[in-house]
Amino acid sequence: MNGCVFCNIIKGEIPCKKIYEDNDFFCFMDIKPISKGHVLVVPKKHCENILDFPTEASKRLVEITKKLATIVVKAVGADGFNVGMNNGKAAGQAVFHAHLHIIPRFDNDGLSSWPGKDVTEEELNFIKDKIVTFL
Ligand SMILES: [Zn+2]
């Protein structure tokens with residue numbers, strides 16, 4: 001897609017630190033890494049987020065993520081990793097071409113999304129009941 005940074009990276013018009021490429025996916029180092037070894041798994045075909053990512057490509061996405069996470073963890077000596085995807089500006093998505101983050105984690109690295117907030121059982125029930133009405 002014209003004007004898309006990731007499409008331009010995939011076309012080779014913008015340099016990147018590529019670590020893997022096949023017919024459908026392109027993987028490179030995040031230029032603003034959250035941790036050492038933070039990489040992005042990007043489908044070559046432009047789609048904005050997980051909602052328009054083709055379901056039939058999901059198996060390959062998981063396979064590549066597992067393969068790369070295993071390699072990255074070994075390469076940087078990580079103790080674990082997070083897999084994340086930001087969907088929408090409010091969720092922190094900065095490039096609107098779907099991509100998945102592999103973020104190596106190290107014991108006591110200070111990064112934290114968990115534990116989450118404390119909520120009451122009533123709050124949990126309220127949200128749960130609201131969500132299931134949309135199923
Ligand atoms: Zn794109």
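One-based numbering, in listed order, for ligands and for the atoms of each. All values derive from a computational prediction rather than experimental measurement.
- Counting just the N/O/S atoms of H46, the one with the shortest distance to the Zn ion (ligand 1) is named ND1.
- G88 and Q93 get closest at one heavy-atom pair: N-OE1, 2.7 Å.
- Under the side chain to side chain contact (heavy atoms under 4.5 Å, CB included) test applied with C27, the options V39, V42, L68 reduce to a single match, L68.
- Looking at H97, its N, O or S atom nearest to the Zn ion (ligand 1) turns out to be ND1.
- Below 30°, between 30° and 60°, or above 60°: for H38 and H101 the angle between ring planes is between 30° and 60°, a tilted geometry.
- No donor-acceptor pair closer than 3.5 Å links the side chain of D129 to the backbone N or O of F126.
- The Zn ion (ligand 1) lies under 2.8 Å from an N, O or S atom belonging to C7.
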